[in-house]
Amino acid sequence: MGRLAQTDGLTDVQQEILATVRDFVDKEIIPVATELEHRDEYPTRIVEGLKELGVFGLMIPEEYGGLGESLLTYALCVEEIARGWMSVSGIINTHFIVAYMLKQHGTREQREYFLPRMATGEVRGAFSMSEPGLGSDVSAITSKGVREGDEYVLNGQKMWLTNGGSSTLVAVLCRTDEGHPEGTAPHKSMTTFLIEKEPGFGQVKPGLTIPGKIDKMGYKGVDTTELIMDGLRVPADRVLGGVTGRGFYQMMDGVEVGRVNVAARGCGVAQRAFELGVAYAQQRHTFGKPIAQHQAIQFKLAEMGTKVEAAHAMMVNAARKKDSGRRNDLEAGMAKYLASEYCKEVVEDAFRIHGGYGFSKEYEIERLYREAPMLLIGEGTAEIQKMIIGRRLLEEYRIQG
Ligand SMILES: Cc1cc2nc3c(=O)[nH]c(=O)nc-3n(C[C@H](O)[C@H](O)[C@H](O)COP(=O)(O)OP(=O)(O)OC[C@H]3O[C@@H](n4cnc5c(N)ncnc54)[C@H](O)[C@@H]3O)c2cc1C
């Protein structure tokens, strides 16, 4: 472990959990990540290992069989995992968001039914807001749920579900106008449905199709899919929290903790890029000395290290704020924005340090170069983060009169 990205004030338990995860990453993830990624192969063995470590239940309360850990512990584990392979952190992230939404907003019956099996990783979560025609503008959702007796009938098409194929529980955001007369603000007529399904592709239950994996430039291994609902029947007791019209707020709450998680991923990928760059710079010689001895390369390393350190500090701050029970949307937005931008820059610098070899698939930096851009988009683009940050700053610094 290097000097960068240390976290002061961790408990013995937190340190022990992190050391275990770091060891797992070094031994079980890094040696196989690039090969699996090039084959776009699902990392089944790694996922089984993480289940055994209890990572799927890290933040689920102990009364439901989880470890009851804080957002900070979780984010630091995600940082370690993303340092090994970002796709693996993606496998955990949607599961974590759905478990968090259940913990915060689920009825007692929903919590008792889902959370113990989510803690072991037996039930695996995905969440679905985006549609082919919208991502940033969640209020424009067109998928619809209509009540018929004790059920809702769902129709619509969803897009970009991380873990859409491998999950067995999907939290899906739909419009439900029932009880909300025409003219109701769009975000007050949305509902989260908890849809149970079999893993796999094709028609996974009557009215529900997961067409297949979307072919992506990076972030491979983890499946990203569409989801098509065509007369899908969902029992009324599978409305998250039991009440319609709250879906938008529930999802935004989930995405807010997800943003800390994406920031942590950016930190992990940037750390790995720094490690690769600083090692290569000492091995490669030009003009009679290691390239690390050229000031231009040292300046790059200095900038990279500073960005790794700054992003880590902001991510930790955002997680700690949430753990202390305070509102953290400003800090989470800033951390997500900064960590993802810095990640892209640090990866690019490490790529440049590798010269022509960075372009070869034999070198890990090639994979990181294709992974980093996803962080600029997922859980809200940079522009959306800046909108949130700007609005909140104006709230905080409103002038009198
Ligand atoms: C690999 C991957 C995995 C994903 N996983 C999930 C998932 O699990 N669940 C899920 O629901 N979604 C998921 N998404 C979707 C993701 O959240 C959206 O792609 C993202 O929110 C952006 O939406 P969009 O692609 O529709 O872009 P758009 O919203 O169409 O935006 C296009 C561009 O316009 C900019 N823009 C939009 N509105 C404004 C504005 N008001 N002001 C200034 N600029 C603006 C955006 O920043 C962007 O640059 C995933 C996406 C990817 C690529």
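First listed ligand is number 1; within each ligand, the first listed atom is number 1.
Atom 15 (C) of ligand 1 has as its closest protein heavy atom S130 OG, 3.2 Å. Among protein heavy atoms, the minimum distance from atom 35 (C) of ligand 1 is reached at E383 OE1, 4.5 Å. In this structure, atom 39 (C) of ligand 1 lies nearest to the protein heavy atom I384 CD1, 4.4 Å.
Only the side chain of T381 comes within 4.0 Å of ligand 1, judged by heavy-atom distances.
If you number the atoms of ligand 1 from 1 as listed, the ones under 4.0 Å from a heavy atom of L134 come out as 26 (O). When each atom of ligand 1 is checked for a heavy atom of I377 under 4.0 Å away, the hits are 19 (O), 20 (C). The contact set between ligand 1 and T162, taken as ligand atoms under 4.0 Å from a residue heavy atom, comprises 3 (C), 4 (C), 5 (N), 6 (C), 7 (C), 8 (O). Near S136, with a cut-off below 4.0 Å to any heavy atom, the atoms of ligand 1 are 21 (O), 22 (C), 23 (O), 28 (P), 29 (O), 31 (O), 37 (C).
Less than 4.0 angstrom separates atom 44 (N) of ligand 1 from at least one non-hydrogen atom of the protein. At least one protein heavy atom sits closer than 4.0 Å to atom 11 (O) of ligand 1. For atom 4 (C) of ligand 1, a protein non-hydrogen atom is found at a distance below 4.0 Å. Using a 4.0 Å threshold on non-hydrogen atoms, atom 50 (C) of ligand 1 counts as touching the protein. Put simply, atom 23 (O) of ligand 1 has protein non-hydrogen atoms near it, under 4.0 Å away.
Scanning both residues, F56 and H95, for their nearest heavy atoms gives O-NE2, 3.2 Å. Here the shortest heavy-atom pairing between V88 and P43 reads CG2-CG, 4.3 Å. Of all the heavy atoms in L301 and G277, the pair that sits closest is CD2-C, 4.2 Å.
Remark: ligand 1 and K216 share no N or O pair separated by less than 3.5 Å (distance only, no angle test). Residue-to-ligand polar distances place M129 within reach of ligand 1: an N/O pair is separated by less than 3.5 Å. Geometrically, ligand 1 and M387 share no nitrogen or oxygen pair separated by less than 3.5 Å. The N/O atoms of F127, backbone and side chain alike, include one that comes under 3.5 Å of an N/O atom in ligand 1. Residue Y219 has no N or O atom closer than 3.5 Å to an N or O atom of ligand 1. Every N/O-N/O distance between T94 and ligand 1 stays at or above 3.5 Å. Taking any N or O of W160, backbone or side chain, at least one lies under 3.5 Å from an N or O belonging to ligand 1. By the 3.5 Å distance cut-off applied to N or O atoms, S128 is not counted among the residues near ligand 1.
Using a 4.0 Å cut-off between charged side-chain N and carboxylate O, K322 and E331 make no salt bridge. The pair R259-E256 does not meet the salt-bridge criterion, since no charged nitrogen lies less than 4.0 angstrom from a carboxylate oxygen. Using a cutoff of 4.0 Å between basic side-chain nitrogens and carboxylate oxygens, E48 and R45 are not scored as salt-bridged. A salt bridge between R367 and E37 is absent, with no side-chain N of the basic residue lying under 4.0 Å from a carboxylate O of the acidic one. Comment: E79 does not engage R22 in a salt bridge, judged by the lack of any side-chain N to carboxylate O separation of less than 4.0 angstrom.
Both tests hold for R238 against Y113: distance to the six-membered ring centre under 6.0 Å, angle to the ring axis within 45°.
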* **salt bridge (Lys or Arg N to Asp or Glu O under 4.0 Å) assessment of R83 paired with D26** => CA-CA 9 Å; R83 188 185 137 256; D26 286 335; 3.0 Å; yes
For residues 389-401, run the donor-acceptor check on the side chains, cut-off 3.5 Å, and write out each pair with its distance to 0.1 Å, sequence neighbours left out.
{"unit_1": "R392", "atom_1": "NE", "unit_2": "D329", "atom_2": "OD1", "d": "3.0"}
{"unit_1": "R392", "atom_1": "NE", "unit_2": "D329", "atom_2": "OD2", "d": "3.3"}
{"unit_1": "R392", "atom_1": "NH1", "unit_2": "E395", "atom_2": "OE1", "d": "3.1"}
{"unit_1": "R392", "atom_1": "NH1", "unit_2": "E396", "atom_2": "OE2", "d": "3.3"}
{"unit_1": "R392", "atom_1": "NH2", "unit_2": "E396", "atom_2": "OE2", "d": "3.2"}

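Looking only at distances, no side-chain donor or acceptor of T225 sits under 3.5 Å from a matching main-chain atom of G212.
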